[in-house]
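None of the values given here were measured: they were computed from a predicted structure. Lettering of chains follows the sequences in order, A, B, ..., and the numbering in each one begins at 1. These values consider heavy atoms only, across backbone and side chains, with no hydrogens, waters or symmetry-generated copies.
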Amino acid sequence: MQRIDQIIKSVAVEAVRDNWSVNIQEGQVQIQKTRREFEGDFTVVVFPLLRHSKCSPEETGKAMGQYMVDHSDMLSGYNVIKGFLNMVVSQQYWKELLDGDLRGPHYGFTPVDAGSPNVMIEFSSPNTNKPLHLGHIRNNLLGYSVSKIMEASGNHVTKVNLVNDRGIHICKSMLVWQSEGNGETPETAGMKGDHLVGKYYVQFDQIYKSQIEAQVNEGVIRREAEAKAPVLEKAREMLRKWEADDPEVRRLWEKMNSWVYDGFEETYKRLGVSFDKTYYESETYKLGKEIVLKGLEEGVFYKKEDGSVWANLEDEGLDHKILLRADGTSVYMTQELGTAHQRYDEYGFDSHIYVVGNEQNYHFQVLAIVLKKMGYMWADKLFHLSYGMVELPEGKMKSREGTVVDADDLMDEMESTAKMMSEELGKLEDHNEEEKDIIYRQVGMGALKYFILKVDPKKNMTFDPGESVDFNGNTGPFIQYTYARIRSVIRKGEGIPKSIGDIQMNVKEVSLIRMMHEYPEIINEASRTLNPSLVANFLYDLAKEFNQFYHDYSILSADNQEQVGLRLLIVEAIGQIVESGMDLLGIEVPERM
RNA sequence: GGACUAGUAGCUCAACUGGAUAGAGCACCUGACUACGGAUCAGGAGGUUGGGGGUUCGACUCCUCUCUAGUUCACCA
């Protein structure tokens with residue numbers, strides 16, 4: 001069914017042509033939703049058309065409005081206020097939409113087929129030396145939701161994770177475990193593996209700091225003490241052994257990493273995210289070298305006296321960037337060049353999205369420029385979905401100072417809050433414990449996910465663990481509650497014939513259908529701008545509108561059977577959209593709560 | 001110092017990318033249940049959109065200057 005805003009645009013073009021003999025493009029017709037306080041569904045802004053009509057805004061609007069109503073069955077009325085032409089869409093159009101597209105299983109989705117664009121999206125990308133925290137949660141939820149949304153808008157999506165499993169950070173944990181751990185394992189400690197490894201990482205930092213202090217007290221300059229702390233030397237030594245494939249170090253490394261992976265797996269599962277493929281940096285970090293050396297050969301990069309390789313980015317207004325260290329080892333950028341190249345070879349993606357925090361904006365800017373300098377035109381297909389930090393009311397999260405919000409703890413807290421709320425209301429008494437736990441989990445996670453995703457990704461957000469995660473108002477549970485209510489009505493209305501009938505719909509009913517009509521555009525816009533918050537806020541508005549309707553009108557005991565049937569159709573359609581929209585955010589909706 | 005991003009109600013966030021009187025939630029007052037689920041609904045109060053200039057029919061949105069905060073500026077990933 002053709003979208004009504006499209007119909008209005010094309011009729012408006014005809015109106016301008018037939019009234020003033022001027023041909024304009026549909027893109028020149030400005031159309032928007034009519035504000036609540038005025039009558040109508042869509043508003044044509046007439047100001048830009050005045051130079052064609054050469055008369056007042058009111059006259060122009062009236063001439064167009066009359067023409068449009070006369071020339072389209074889908075438009076039933078108009079009014080003009082201060083240069084805004086408000087068009088009323090016919091009830092017939094809304095009813096056909098309700099009885100047609102809105103009843104389909106995937107309203108608003110664009111099917112994916114062999115010709116669909118190939119999108120690769122990288123997110124999560126954890127280090128293996130410590131557990132995930134709140135910042136990672138934002139990353140994971142964003143990445144997962146964006147991949148769902150892009151899929152819904154007709155892209156073939158591949159989700160990938162890049163695990164940073166090598167480097168000095170993991171050696172630090174390994175070192176302390178070796179000396180202090182007494183063979184402790186996740187089983188003997190009764191801890192998740194990532195937490196256990198994180199514990200030793202923190203211990204390293206404590207030892208490191210005390211060694212520095214001891215040196216400083218003996219009169220050593222702080223800088224020097226920091227660089228030469230014995231424990232850090234040992235960690236470096238371990239990294240060298242790792243690079244040299246020392247069997248003992250490698251075994252330990254594999255063992256401790258596997259603990260971490262088990263821990264991450266659990267956290268991912270709980271968060272409800274998954275990947276199609278996982279890359280490990282230990283397997284890819286050497287790939288970039290070849291590319292850099294090739295670039296050096298071609299004269300795109302240059303070599304300094306000490307042997308290090310650099311790119312000159314001055315013509316782009318940037319500085320010089322190191323690509324290979326003097327000793328020939330790779331840096332972060334080297335590795336990144338390699339993986340990008342490898343992925344393009346393997347998948348030939350039409351676009352590649354990196355979900356990475358905004359502190360790495362510069363890094364990704366440089367990545368694209370360097371690739372382009374080397375003549376890889378697909379550098380234009382790389383996008384950095386840069387998101388803001390999650391701050392706590394006291395300021396930033398700092399792992400060393402212990403002001404992080406641990407991901408697992410937070411999820412525990414959300415679920416127990418959900419449990420408390422629910423027990424107070426006592427609506428689940430006929431459920432067994434297992435069923436209840438599922439619902440607590442859905443609601444607790446729903447609150448957390450919605451809270452994170454409703455905010456525009458690029459903005460920094462503050463998170464108050466004590467207060468700000470609410471279950472009332474603009475929250476996940478509010479939408480879940482609305483869904484549970486809808487399901488309840490539908491269960492009770494089982495067996496009642498549903499049809500559009502030929503009764504007149506009231507403003508709320510029309511308003512609901514009109515909102516649902518926006519859903520496909522919301523999905524596409526969210527996909528285009530990589531912004532799940534559009535979906536989140538849309539669902540909230542829809543839920544709110546439904547609750548008002550629900551309050552003002554009775555569904556099952558409406559005046560007559562025809563009206564009951566119509567309202568059930570509307571309610572059913574809303575339920576489907578809420579369910580599918582929440583799924584795009586990675587949020588489950590419960591039948592009861 | 002350069003670059004990038006942001007600044008909207010006491011707090012957390014919107015504003016369809018230049019359109020009508022800048023909207024929600026929380027918190028604070030006031031109301032609404034013999035109900036299809038009150039995790040709801042209605043109302044009140046709360047704003048010089050950081051500040052100054054400019055562009056035009058029209059600016060939270062664009063330009064310019066400025067203030068504030070965050071990130072980053074190279075051999076950590």
Side-chain angles (χ1 to χ4, degrees), chain A residues 30-38 43 45 47-48 50 57 81-84 86 125 127 164 166-169 281 285 306 308-311 317-327 329-336 357-363 365-366 386 388-389 391 393 396 418 421-422 424-425 427 443 447 451 454-456 458-464 467-475 477-482 484-493 518 521-522 525 529 533-534 537-538 540-541 544 547-548 550-558 564 567 571 592-593:
Chain A
Q30 282 188 45
I31 189 169
Q32 55 187 286
K33 288 184 290 183
T34 300
R35 295 178 68 109
R36 290 195 109 76
E37 57 267 37
F38 304 107
T43 297
V45 184
F47 290 108
L50 297 183
I81 296 166
K82 293 203 303 188
F84 293 92
N86 302 319
S125 314
N127 288 356
N164 178 19
R166 53 149 231 122
I168 190 86
H169 54 271
E281 213 177 286
Y285 80 106
D306 66 359
S308 55
V309 179
W310 295 72
L318 302 177
D319 223 324
H320 292 238
K321 175 77 188 175
I322 187 163
L323 298 175
L324 274 183
R325 292 194 190 101
D327 64 2
T329 55
S330 325
V331 294
Y332 183 28
M333 184 57 70
T334 323
Q335 173 281 113
E336 200 80 83
N358 61 13
E359 71 268 14
Q360 292 190 34
N361 285 352
Y362 184 76
H363 172 78
Q365 192 187 350
V366 170
S386 160
M389 334 186 25
E391 289 164 357
K396 290 191 293 178
M421 290 280 292
S422 181
E424 240 170 69
L425 293 165
K427 287 176 184 167
V443 174
F451 184 84
K454 76 171 177 191
V455 182
D456 188 329
K458 71 169 178 282
K459 292 194 175 179
N460 288 358
M461 61 181 295
T462 45
F463 182 87
D464 186 335
E467 280 174 45
S468 62
V469 175
D470 210 324
F471 289 72
N472 302 315
N474 187 356
T475 65
F478 171 85
I479 297 169
Q480 289 172 319
Y481 174 76
T482 306
R485 233 180 186 184
I486 285 170
R487 295 301 305 161
S488 174
V489 172
I490 290 171
R491 279 193 302 271
K492 295 206 163 112
E518 285 174 46
E521 273 308 300
I522 297 280
E525 184 68 8
T529 58
S533 79
L534 298 178
N537 287 305
F538 166 79
Y540 172 68
D541 289 339
K544 195 165 168 51
N547 280 323
Q548 287 171 11
Y550 181 89
H551 183 263
D552 292 347
Y553 302 96
S554 179
I555 295 159
L556 294 176
S557 39
V564 175
R567 287 181 181 170
V571 170
R592 294 187 172 84
M593 64 185 270

For [N], does either OP1 or OP2 sit under 4.0 Å from a side-chain N or O belonging to [X]?
X	N	value
Lys544(A)	G25(B)	yes
Gln548(A)	A42(B)	yes
Arg36(A)	A20(B)	no
Arg485(A)	G38(B)	yes

Nucleotide nearest Glu359(A) (side chain, heavy atoms from C-beta), chosen from U40(B), U17(B), U72(B):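 Of all the options, the side chain of Glu359(A) is nearest to U72(B).
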With the side chain of Thr529(A) defined as its heavy atoms from C-beta on, choose the nearest nucleotide among G19(B), U17(B), C73(B). U17(B)
Would you please determine if the base of [N] is stacked by [X], with stacking meaning a centroid separation under 5.5 angstrom and planes under 30 degrees?
X	N	answer
Phe478(A)	A39(B)	no
Phe84(A)	A20(B)	yes
Tyr481(A)	G37(B)	no

Side-chain donor or acceptor of [X] paired with backbone N/O of [Y] under 3.5 Å:
X	Y	value
Arg567(A)	Ser554(A)	yes
Lys492(A)	Leu556(A)	no
Ser330(A)	Tyr285(A)	yes
Thr529(A)	Glu525(A)	yes
Asn460(A)	Met389(A)	yes

Rounded distance in Å between the [atom1] positions of [N] and [M]:
N	M	atom1	result
G18(B)	A22(B)	C1'	14 Å
G19(B)	U64(B)	C1'	24 Å
G53(B)	G43(B)	C1'	41 Å
G70(B)	A45(B)	C1'	34 Å
A32(B)	G38(B)	C1'	10 Å
U61(B)	U48(B)	P	16 Å
A42(B)	U5(B)	C1'	40 Å
U49(B)	C62(B)	C1'	16 Å

Looking at the angle O4'-C1'-N9-C4 for a purine or O4'-C1'-N1-C2 for a pyrimidine, is U17(B) syn or anti, with syn meaning within 90° of 0?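 For U17(B), whose glycosidic angle is within 90° of 0, the conformation is syn.
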Under a 3.5 Å limit for both distances, which nucleotide forms a Watson-Crick or G-U wobble pair with [N], could you say?
N	value
A42(B)	U30(B)
U48(B)	none
A6(B)	U68(B)

5'-most contact on RNA chain B: Thr482(A) or Val45(A), nearest heavy atom basis? Val45(A)
When the nearest nucleotide of RNA chain B is assigned to Thr43(A) and to Lys321(A) on a heavy-atom basis, which residue is associated with the more 5' position?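 Per heavy-atom nearest nucleotide, the more 5' residue is Thr43(A).
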Look at all strands and tell whether [X] reaches a base, only sugar-phosphate, or nothing, counting heavy atoms closer than 4.0 Å.
X	result
Ser488(A)	base
Tyr550(A)	base
Lys33(A)	base
Gln360(A)	base
Val571(A)	nothing
Tyr553(A)	base
Gln30(A)	base

Testing the basics here: between Asn86(A) and Thr34(A), what is the closest heavy-atom pair and its distance to 0.1 Å? OD1-CG2, 3.9 Å
If every non-hydrogen atom of Gly357(A) is compared with every non-hydrogen atom of Ser386(A), which pair is closest and at what distance?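 For Gly357(A) and Ser386(A), the tightest heavy-atom pair comes out as C-OG, 4.5 Å.
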Euclidean distance, atom [atom1] of residue [X] to atom [atom2] of [N] [Å, nearest integer]:
X	N	atom1	atom2	value
Phe471(A)	U40(B)	CZ	P	12 Å
His363(A)	C76(B)	NE2	C1'	12 Å
Asn361(A)	C4(B)	CG	P	11 Å
Phe451(A)	U12(B)	CZ	P	10 Å
Asp552(A)	C36(B)	CG	C1'	14 Å
Asn547(A)	G37(B)	CG	P	13 Å

Please write out each protein N/O paired with an N/O of nucleotides 13-15 of chain B under 3.5 Å, distance rounded to 0.1 Å.
{"residue": "C13(B)", "atom": "OP1", "partner": "Thr462(A)", "partner atom": "N", "Å": "2.9"}
{"residue": "A14(B)", "atom": "OP1", "partner": "Asp456(A)", "partner atom": "N", "Å": "2.7"}
{"residue": "A14(B)", "atom": "OP2", "partner": "Lys459(A)", "partner atom": "NZ", "Å": "3.1"}

A74(B) base / Tyr362(A) side chain donor-acceptor hit below 3.5 Å: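 Such a pair exists between side chain and base.
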Do the side chain of Asn86(A) and the base of A20(B) come within less than 3.5 angstrom through a donor-acceptor pair of N or O atoms? yes
Listed partners of Phe478(A) passing ring pair (Phe, Tyr, Trp, His ring centres under 6.0 Å), at least two apart: Tyr540(A)
What do the steps show when you test Phe471(A) against Tyr481(A) for ring pair (Phe, Tyr, Trp, His ring centres under 6.0 Å), and what is the final call? CA-CA 10 Å; Phe471(A) 289 72; Tyr481(A) 174 76; over 10 Å; no
Under 3.5 Å, which protein N or O atoms sit close to an N or O of nucleotides 28-32 of chain B? Give each pair with its distance.
none

Hey, what do you get for CZ (Arg485(A)) to CE (Met593(A)), rounding to the nearest 0.5 Å? 11.0 Å
How far does CD1 of Ile479(A) sit from CG of Asn474(A), to the nearest 0.5 angstrom?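 Nearest 0.5 Å value for the CD1-CG distance: 6.5 Å.
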Assess the residue pair Leu323(A) and Trp310(A) against the criterion (side-chain contact (heavy atoms from CB on, under 4.5 Å)); give the C-alpha distance rounded to whole Å, side-chain angles, the decisive distance to 0.1 Å, and a yes or no. CA-CA 5 Å; Leu323(A) 298 175; Trp310(A) 295 72; over 6 Å; no
